[in-house]
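Since the structure comes first, as C-alpha coordinates, the remarks are kept for the end.
All ligand and atom numbering here is 1-based and tracks the order in the structure.
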Amino acid sequence: MNHTCIFCKIVAGEARAEIIYRDEFVTAFRDTQPVAPTHVLIVPNRHIESLNQAEAADAAALGNLFMAAQKIAAAENIQQGGYRLIVNTGPDGGQTVFHLHMHLVGGRRMKYPIG
Ligand code: AMP
Ligand code: ZN
(Lines give C-alpha, C1' and ligand atoms only; values in the text may rest on other atoms or scores of the structure.)
(Ligands and ions follow the chains in the order given, each with its own letter.)
Protein backbone atom coordinates (compact mmCIF):
# COMPACT_ATOMS: atom_id res chain seq x y z
CA MET A 1 0.00 0.00 0.00
CA ASN A 2 1.12 3.54 -0.84
CA HIS A 3 0.20 5.60 2.23
CA THR A 4 0.06 8.86 0.28
CA CYS A 5 -2.40 7.46 -2.29
CA ILE A 6 -6.11 8.21 -1.81
CA PHE A 7 -7.22 5.12 -3.77
CA CYS A 8 -4.95 2.84 -1.68
CA LYS A 9 -6.58 4.33 1.42
CA ILE A 10 -10.05 3.60 0.02
CA VAL A 11 -9.03 0.00 -0.78
CA ALA A 12 -7.65 -0.37 2.77
CA GLY A 13 -10.79 1.11 4.33
CA GLU A 14 -8.84 4.10 5.66
CA ALA A 15 -10.67 6.70 3.54
CA ARG A 16 -14.41 6.97 3.02
CA ALA A 17 -15.97 5.94 -0.30
CA GLU A 18 -19.18 4.34 -1.52
CA ILE A 19 -17.74 0.91 -2.36
CA ILE A 20 -20.10 -1.09 -4.56
CA TYR A 21 -17.93 -4.08 -5.53
CA ARG A 22 -14.75 -5.79 -4.41
CA ASP A 23 -12.93 -9.04 -5.04
CA GLU A 24 -9.43 -10.45 -4.63
CA PHE A 25 -8.04 -8.19 -7.37
CA VAL A 26 -10.12 -5.01 -7.64
CA THR A 27 -12.32 -2.56 -5.72
CA ALA A 28 -15.03 -0.31 -7.22
CA PHE A 29 -16.55 2.84 -5.73
CA ARG A 30 -18.58 5.81 -6.96
CA ASP A 31 -16.76 8.85 -8.33
CA THR A 32 -17.34 11.87 -6.09
CA GLN A 33 -17.68 14.15 -9.14
CA PRO A 34 -19.88 12.08 -11.46
CA VAL A 35 -20.10 13.07 -15.13
CA ALA A 36 -23.01 10.70 -15.86
CA PRO A 37 -25.86 9.04 -13.89
CA THR A 38 -23.56 6.05 -13.31
CA HIS A 39 -19.88 6.92 -12.73
CA VAL A 40 -17.87 4.24 -10.97
CA LEU A 41 -14.10 3.90 -10.56
CA ILE A 42 -12.64 0.39 -10.60
CA VAL A 43 -9.10 0.09 -9.24
CA PRO A 44 -6.61 -2.74 -8.76
CA ASN A 45 -6.19 -3.47 -5.04
CA ARG A 46 -2.42 -3.30 -5.55
CA HIS A 47 -0.98 0.19 -6.10
CA ILE A 48 -0.01 0.62 -9.76
CA GLU A 49 0.71 4.24 -10.70
CA SER A 50 -0.63 4.02 -14.25
CA LEU A 51 -0.87 1.52 -17.07
CA ASN A 52 2.79 2.35 -17.83
CA GLN A 53 3.86 0.68 -14.56
CA ALA A 54 1.72 -2.47 -14.98
CA GLU A 55 3.65 -5.75 -15.14
CA ALA A 56 2.85 -9.20 -16.50
CA ALA A 57 1.98 -10.29 -12.94
CA ASP A 58 -0.80 -7.65 -12.95
CA ALA A 59 -2.57 -9.25 -15.92
CA ALA A 60 -5.21 -10.93 -13.74
CA ALA A 61 -5.99 -7.65 -11.99
CA LEU A 62 -6.18 -5.80 -15.32
CA GLY A 63 -8.52 -8.44 -16.72
CA ASN A 64 -10.66 -8.23 -13.61
CA LEU A 65 -11.15 -4.49 -14.15
CA PHE A 66 -13.12 -5.45 -17.26
CA MET A 67 -14.97 -8.34 -15.64
CA ALA A 68 -15.92 -6.13 -12.68
CA ALA A 69 -17.12 -3.45 -15.13
CA GLN A 70 -19.36 -6.02 -16.82
CA LYS A 71 -20.88 -7.08 -13.47
CA ILE A 72 -21.35 -3.51 -12.23
CA ALA A 73 -22.96 -2.44 -15.53
CA ALA A 74 -25.49 -5.25 -15.06
CA ALA A 75 -26.11 -4.29 -11.42
CA GLU A 76 -26.58 -0.63 -12.42
CA ASN A 77 -29.03 -1.62 -15.18
CA ILE A 78 -26.97 0.01 -17.93
CA GLN A 79 -25.77 -3.20 -19.62
CA GLN A 80 -28.37 -3.10 -22.41
CA GLY A 81 -28.25 0.67 -22.93
CA GLY A 82 -24.46 0.58 -23.05
CA TYR A 83 -21.67 2.37 -21.27
CA ARG A 84 -18.11 3.59 -21.67
CA LEU A 85 -14.86 2.44 -20.02
CA ILE A 86 -12.01 4.96 -19.77
CA VAL A 87 -8.43 4.57 -18.51
CA ASN A 88 -6.74 7.98 -18.51
CA THR A 89 -2.95 7.56 -18.61
CA GLY A 90 -0.40 10.33 -18.03
CA PRO A 91 -0.67 14.07 -18.69
CA ASP A 92 -2.06 13.89 -22.24
CA GLY A 93 -4.54 11.23 -21.10
CA GLY A 94 -5.83 13.56 -18.39
CA GLN A 95 -4.84 11.33 -15.47
CA THR A 96 -5.09 13.19 -12.14
CA VAL A 97 -4.96 10.35 -9.59
CA PHE A 98 -1.86 8.18 -9.95
CA HIS A 99 -3.31 4.83 -8.96
CA LEU A 100 -4.47 3.07 -12.12
CA HIS A 101 -8.27 3.17 -12.45
CA MET A 102 -10.98 2.42 -14.97
CA HIS A 103 -13.94 4.80 -15.20
CA LEU A 104 -17.29 3.11 -15.90
CA VAL A 105 -19.74 5.76 -17.11
CA GLY A 106 -23.26 5.25 -18.35
CA GLY A 107 -26.90 6.14 -18.00
CA ARG A 108 -26.83 8.71 -20.78
CA ARG A 109 -25.75 8.82 -24.43
CA MET A 110 -21.98 9.46 -24.77
CA LYS A 111 -20.37 11.59 -27.45
CA TYR A 112 -17.49 10.47 -29.63
CA PRO A 113 -14.85 11.74 -30.50
CA ILE A 114 -14.25 12.92 -26.96
CA GLY A 115 -12.33 16.14 -27.80
P1 AMP B 1 -8.53 10.67 -13.63
O2 AMP B 1 -8.67 12.10 -14.12
O3 AMP B 1 -8.75 9.65 -14.69
O4 AMP B 1 -7.23 10.47 -12.87
O5 AMP B 1 -9.74 10.47 -12.63
C6 AMP B 1 -9.68 10.65 -11.27
C7 AMP B 1 -11.10 10.60 -10.78
O8 AMP B 1 -11.10 10.33 -9.40
C9 AMP B 1 -11.92 11.89 -10.98
O10 AMP B 1 -13.08 11.61 -11.75
C11 AMP B 1 -12.26 12.31 -9.55
O12 AMP B 1 -13.55 12.89 -9.46
C13 AMP B 1 -12.17 11.00 -8.81
N14 AMP B 1 -11.85 11.07 -7.40
C15 AMP B 1 -10.81 11.74 -6.82
N16 AMP B 1 -10.78 11.53 -5.49
C17 AMP B 1 -11.82 10.69 -5.22
C18 AMP B 1 -12.33 10.09 -4.03
N19 AMP B 1 -11.74 10.32 -2.84
N20 AMP B 1 -13.41 9.28 -4.12
C21 AMP B 1 -14.00 9.05 -5.31
N22 AMP B 1 -13.57 9.58 -6.48
C23 AMP B 1 -12.49 10.39 -6.43
ZN1 ZN C 1 -2.58 3.59 -4.65
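Protein heavy atom closest to atom 12 (O) of ligand 1, with residue, atom name and distance, is Asp31 OD1, 2.6 Å. Among all non-hydrogen protein atoms, the one lying nearest atom 14 (N) of ligand 1 is Thr32 OG1, 4.0 Å. Of the protein's non-hydrogen atoms, the one nearest atom 15 (C) of ligand 1 is Val97 CG2, 4.1 Å. Nearest protein heavy-atom contact of atom 19 (N) of ligand 1 is Ile6 CG1, 3.7 Å. Regarding atom 5 (O) of ligand 1, its nearest protein heavy-atom neighbour is His101 NE2, 3.1 Å. Looking from atom 16 (N) of ligand 1 to the surrounding protein, the closest heavy atom is Phe7 CE2, 4.1 Å. For atom 8 (O) of ligand 1, the nearest protein heavy atom (residue, atom name, distance) is Leu41 CD1, 3.5 Å. Counting only heavy atoms of the protein, atom 4 (O) of ligand 1 lies nearest to Thr96 N, 2.7 Å.
Considering backbone and side-chain N/O of Gly94, one or more are found under 3.5 Å from N/O of ligand 1.
By the criterion of a heavy-atom distance under 4.0 Å, neither the backbone nor the side chain of Phe98 is placed next to ligand 1. Looking at Asn88 against ligand 1, only its side chain comes within 4.0 Å, counting heavy atoms.
Within the listing of ligand 1, atoms 12 (O) sit less than 4.0 angstrom from a heavy atom of Gln33. Residue Phe29 approaches ligand 1 through these ligand atoms, each under 4.0 Å from one of its heavy atoms: 21 (C). Taking every heavy atom of His103 and a limit of under 4.0 angstrom, the matching atoms of ligand 1 come to 1 (P), 3 (O), 5 (O), 7 (C), 10 (O). With ligand atoms numbered from 1 in the order given, ligand 1 contributes 21 (C) to contacts under 4.0 Å with heavy atoms of Arg30. Residue Gln95 approaches ligand 1 through these ligand atoms, each under 4.0 Å from one of its heavy atoms: 4 (O).
Judged purely by atom type and a 3.5 angstrom limit, Asn45 has no side-chain atom pairing as donor or acceptor with the backbone of Val11. Not one N or O on the side chain of Arg84 forms a donor-acceptor pair closer than 3.5 Å with the backbone of His103.
We find the CD1-CG distance between Ile48 and Asn2 to be 12.5 Å, quoted to the nearest 0.5 Å. Taking CD of Glu76 as the start and NE2 of His39 as the end, the distance is 12.0 Å to the nearest 0.5 Å. Distance check, rounded to the nearest 0.5 Å: OG1 of Thr89 to CZ of Phe98 gives 9.5 Å. Distance CD1/Ile20 to CG/Leu104: 7.5 Å, rounded to 0.5 Å.
Note: the hydrophobic cluster containing Leu51 also contains Phe66 (ILVMFWY, side chain heavy atoms under 4.5 Å, direct or indirect links). Tracing side-chain contacts under 4.5 Å through hydrophobic residues (I, L, V, M, F, W, Y), one reaches Ile72 starting from Val87; they form part of the same cluster. When hydrophobic clusters are built by joining Ile, Leu, Val, Met, Phe, Trp and Tyr residues whose side-chain heavy atoms come closer than 4.5 Å, directly or via intermediates, Tyr21 is grouped together with Ile42. Linking ILVMFWY side-chain heavy atoms closer than 4.5 Å, directly or via other members, places Met67 and Phe25 in two distinct hydrophobic clusters.
Closest N/O/S atom of His99 to the Zn ion (ligand 2): ND1. The atom of His47 nearest to the Zn ion (ligand 2) is ND1, with the search restricted to N, O or S atoms.
Tyr83 places none of its side-chain heavy atoms less than 4.5 Å from the side chain of Thr38.
The aromatic ring centres of His99 and His101 sit 6.0 Å or more apart.
For the pair Ala17 and ligand 1, no heavy-atom separation below 4.0 Å is found.
The angle that Cys8 SG and Cys5 SG make at the Zn ion (ligand 2), rounded to 10°, works out to 120°.
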